Structure formats: structure tokens, C-alpha cells
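Residue numbers begin at 1 in each chain, while the letters A, B, ... track the order of the sequences. What you see is a predicted model, and the numbers here were worked out from it, not measured in a lab.
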Amino acid sequence: AQSVTQLGSHVSVSEGALVLLRCNYSSSVPPYLFWYVQYPNQGLQLLLKYTTGATLVKGINGFEAEFKKSETSFHLTKPSAHMSDAAEYFCAVSVDTGGFKTIFGAGTRLFVKA
Amino acid sequence: NAGVTQTPKFRVLKTGQSMTLLCAQDMNHEYMYWYRQDPGMGLRLIHYSVGEGTTAKGEVPDGYNVSRLKKQNFLLGLESAAPSQTSVYFCASSYRGRPSNQPQHFGDGTRLSIL
């Protein structure tokens, strides 16, 4: 079975600082990995996804994530935080096992200080 | 292009009442999903559908029923609401194909309180 662990339910950074949101996954088969962002009173929006190929994935709004198989990680980064990045971020994993399940992490709320 | 639309956006029910949440998508997606979101628990899959006329149970199906009579609509029903069903409900849809690597498109949610 797959699982996702997001380290830190809350992360606070200053505007202009590096954003690092951590995600570790567990899967017995090659995973597909996603990061979604949720702004207040809205649904989740796709930031980026890893399926196969290049392990460094670039997404929208300047975010990127690197798939590290040896560390079973898919951490999300952004070099310089903006106030508009304040939101909740969800890491998710799914696999091609004939099932139909995408497992979402518990979420990390990002606060950006002026 | 509206994407995924959920109605209503808010609702307060009394214990034992019934209601139906409606999800509509205009992207011609084959797959549709209902999730509930609770603090600190991420999203949990309630039911899903791989096409018109088909539905299946997800992780937390008890107390809910669904129907997919039309490809663009996916209804979630609560027959006898309980306080434990107080939550934010999200509908999502995705393209056909290898489902596991397709991103899901979400509605803005329905905030449901059961008193």
C-alpha cells in the first residue's frame, strides 16, 4: 500500500526566503507524485507532477520538486517566497496497480511573513 | 469554461436529515471522485466513478451513496446525516487513460455542518 508523509503541518518563512516543504512517500512500485496547492475557500490546484523521466520537475508559480528514489522523497521548493504563496500544500502519490487510489498527505500550511 | 462546479457551497443540516450534493464538470472527463477534507487528515476518498452508470467505494464510503446517471454529473447523497459527517466535501474529475498519472481537477468544495 502507498502512503505519504508531509513533515510539518505548518511552515513559516519570510518574504524572499527559500521555501522548502517536505514530502516522503512509501510505495512498493514506481509511484506517480503530485503537489497541489489550496488557497482559502478553494479546491486543490495542481502545482506539478512527476510521472517518469526527469527527476527535477518544474511547476507553476516558480515551484519545483525533485524526485529522489533513494530517499523516497519529493520535496517542494521555491527560491524566493512571495506573500501570495501563503496557502496549504498537499503532496499526493498514486500507482498503476489496477486500483484507483490517489493518497494525499495531511497537508502543510505555509505562512509568509512580510 | 467553468471546470468543476459544486452546489451548494454551504449547508447546515440537523441530525437525521438527508441531502444531495451535486457536482458538475464540463471537461468531458471520464473519472469523477468525491472526497472529504478534515483538519489534519488530508483528503479521504468517499466514492468514485470511472464512467457513466458506474460507481465504486473509496476509503470512507459508509453513510454515503452516489450516482452517475450522466457523464458530467456526480451526486453524493447523505441519507441520514450524522455529526461525524461535518466536513468539507470536494468533487474532482480527471481524464481517461492511465488514471494514476492524471492530475485531478477540483471544485471549490461544499462546507457541510451537521448539528
Tell me, side chain or backbone of Gln6(B) under 4.5 Å from chain A's heavy atoms, or both, or neither? neither

What part of Leu44(A) gets within 4.5 angstrom of chain B, counting heavy atoms only: side chain, backbone, both, or neither? both

Presence of salt bridge, Lys57(B) and Asp62(B), under 4.0 angstrom: no

Does Glu79(B) CD have over 12 foreign heavy atoms under 6.0 Å away? no

Side chain / backbone / both / neither for Arg111(B) at chain A, heavy atoms under 4.5 Å: side chain

Side chains of Gln104(B) and Ser94(B): is there a donor and an acceptor less than 3.5 Å apart? no

When Glu64(A) is tested against each of Lys58(A), Lys49(A), Lys78(A) for salt bridge (charged side-chain N to carboxylate O under 4.0 Å, His left out), which residue passes? Lys58(A)

Any side-chain donor near an acceptor of the partner, Asn24(A) and Thr5(A), under 3.5 Å: no

Honestly, the part of Gln38(A) sitting under 4.5 Å from a heavy atom of chain B is side chain

Identify which part of Tyr39(A) has an atom lying under 4.5 Å from any heavy atom of chain B, answering side chain, backbone, both or neither. neither

Which bit of Thr51(A) is near chain B, if near means a heavy-atom gap under 4.5 Å: side chain, backbone, both or neither? side chain

